[in-house]
Amino acid sequence: MKQVEVKYFAWVRERIGLSGELVSTDADTVRELVVELRAREQRYELAFSDLASLRVAVNHTLRDLDTAIEDGAEVAFFPPMTGG
Amino acid sequence: MKQVEVKYFAWVRERIGLSGELVSTDADTVRELVVELRAREQRYELAFSDLASLRVAVNHTLRDLDTAIEDGAEVAFFPPMTGG
Amino acid sequence: MRVEVQAEPFVPGEQLSKFHADRIDAGALVSFSGIVRSDKLDPVNMLEIEHYPGMTERAIRAIVDEAVERWQLIDCLVIHRHGQLFPGDHIMMVATLARHRGAAFAAAEFLMDFLKSRAPFWKKEFTAQGQRWVDSRQEDEAAIDRWSG
Amino acid sequence: MRVEVQAEPFVPGEQLSKFHADRIDAGALVSFSGIVRSDKLDPVNMLEIEHYPGMTERAIRAIVDEAVERWQLIDCLVIHRHGQLFPGDHIMMVATLARHRGAAFAAAEFLMDFLKSRAPFWKKEFTAQGQRWVDSRQEDEAAIDRWSG
């Protein structure tokens with residue numbers, strides 16, 4: 001089992017109702033982690049319902065869903081950014 | 001005979017040795033005025049030797065050599081501008 | 001190459017004066033600043049900007065590094081606010097110092113395009129009708145693509 | 001729409017602060033300033049800028065009017081110095097205030113391109129080797145053409 005720090009921002013955070021949580025997982029990739037999270041509860045299902053409109057960062061760098069997850073990684077989910 | 005206020009800037013001014021002068025002329029266009037001025041002296045001939053590298057303003061607006069000259073006009077000759 | 005991510009307000013003119021040390025090899029200085037805009041027909045009372053503290057500065061630095069290398073910038077500044085902002089407030093600014101104006105302009109536009117959709121900020125507008133997250137726009141992604149030529 | 005043609009020095013940051021009144025319909029503020037540059041290998045000791053007093057402000061206003069109309073600018077500023085300048089001095093600046101950043105950037109670049117070769121200024125460099133008039137460059141004319149599309 002890996003320990004992963006998962007973070008949520010903007011409407012992902014609002015839908016899940018958490019800004020972050022420590023997750024124990026067997027997921028090898030971000031995509032597998034998403035499958036696990038969606039299976040948990042309605043609010044996760046809702047937050048992850050449209051993967052095309054989600055962005056992922058692993059250890060503070062933008063990545064895609066097929067990125068491998070190591071033990072101790074920080075994985076963040078958020079909508080497309082609107083800075084500037 | 002028309003009276004025309006003629007002005008010279010940058011290296012045109014330096015070559016002719018004047019920043020401006022009142023000129024009495026029968027020229028109908030800027031081109032005819034240039035012919036008259038060139039005929040005067042070596043320093044005018046030198047200043048007007050390369051017409052392609054000269055710019056003309058009539059009454060404070062950029063014009064070309066075929067622009068008509070009215071009595072009392074202000075005609076300025078200068079190299080391509082280098083502002084900014 | 002100063003990068004500031006801050007809740008505090010700033011004055012672009014003051015930052016521009018501080019930024020430009022008298023470097024005699026610099027010929028061109030460009031600045032951009034983004035302002036909270038409110039429409040008469042649909043007034044925005046407040047703009048809340050959320051960011052990702054562990055990642056934001058790192059993401060901005062990566063964008064700055066690329067701009068500096070690509071246009072050989074002599075100096076570069078990015079300031080971006082988060083938290084609660086109000087109409088007329090300055091959200092962020094960039095400044096670029098280069099030998100020639102083409103480089104200074106291009107680098108400033110590059111920085112803006114990437115800060116817009118590659119730095120982890122999210123804007124929420126508070127209006128009389130309620131709250132709404134600002135959507136990213138398709139043209140923001142398209143703007144990124146023009147730099148990959 | 002302020003236009004200043006002056007011998008006196010100015011500080012771009014101060015001018016930028018003065019320029020930007022808090023208009024809540026403005027979303028984007030761009031500034032450019034040009035600086036007297038000196039090369040190590042061929043140092044410029046002084047730059048003298050000659051202009052055509054009767055025509056300069058009129059020519060700049062025509063350029064400003066076109067930019068304001070074309071990009072629906074909320075405000076626009078041009079300051080241009082003449083006389084003797086030294087390395088590190090600010091030669092001129094433009095600032096543009098618009099609803100969106102695309103317009104503010106485009107208008108600032110347009111103003112620069114036209115000020116460069118359509119406003120009656122001429123630069124002379126004073127170096128250890130003597131004096132020389134700065135030549136206009138072919139690409140400055142080409143820069144003008146890109147706006148006629």
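Below, chains carry the letters A, B, ... as their sequence lines are ordered, and counting in each starts from 1.
Considering only heavy-atom pairs separated by less than 4.5 Å from chain D, the leading option among Glu14(B), Arg55(B), Glu74(B) is Glu14(B). Ranked by heavy-atom pairs under 4.5 Å with chain B, the first of Pro120(D), Ala62(D), Gly54(D), Ala59(D) is Gly54(D). Listed options Phe9(B), Phe78(B), Trp11(B) were ranked by heavy-atom pairs under 4.5 angstrom with chain D; first place goes to Phe9(B).
Looking at Asp140(D), neither its backbone nor its side chain comes within 4.5 Å of chain B, counting heavy atoms on both sides. Contact annotation for Arg118(D): both backbone and side-chain heavy atoms come within less than 4.5 Å of a heavy atom of chain B. With a threshold of 4.5 angstrom between heavy atoms, His51(D) approaches chain B through N, CA, C or O but not through any side-chain atom. Within the 4.5 angstrom heavy-atom criterion, atoms from both the backbone and the side chain of Ala10(B) approach chain D.
The neighbour count for Glu139(D) CD, taken as heavy atoms of other residues, nucleotides or ligands under 6.0 Å away, is above 12.
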- Item | Working for side-chain contact (heavy atoms from CB on, under 4.5 Å), residues Thr82(B) and Lys116(D) | CA-CA 5 Å; Thr82(B) 54; Lys116(D) 206 103 196 152; over 6 Å; no
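Aromatic ring centres of Tyr52(D) and His60(B) lie closer together than 6.0 Å.
Using non-hydrogen atoms only and a strict 4.5 Å limit, the part of residues 43-50 of chain D facing chain B consists of Glu50(D).
Atom CE of Met55(D) is separated from atom CE of Met81(B) by 6.0 Å, given to the nearest 0.5 angstrom.
Remark: side-chain polar atoms of Lys123(D) are paired, donor with acceptor, to backbone N or O of Gly83(B) under 3.5 angstrom.
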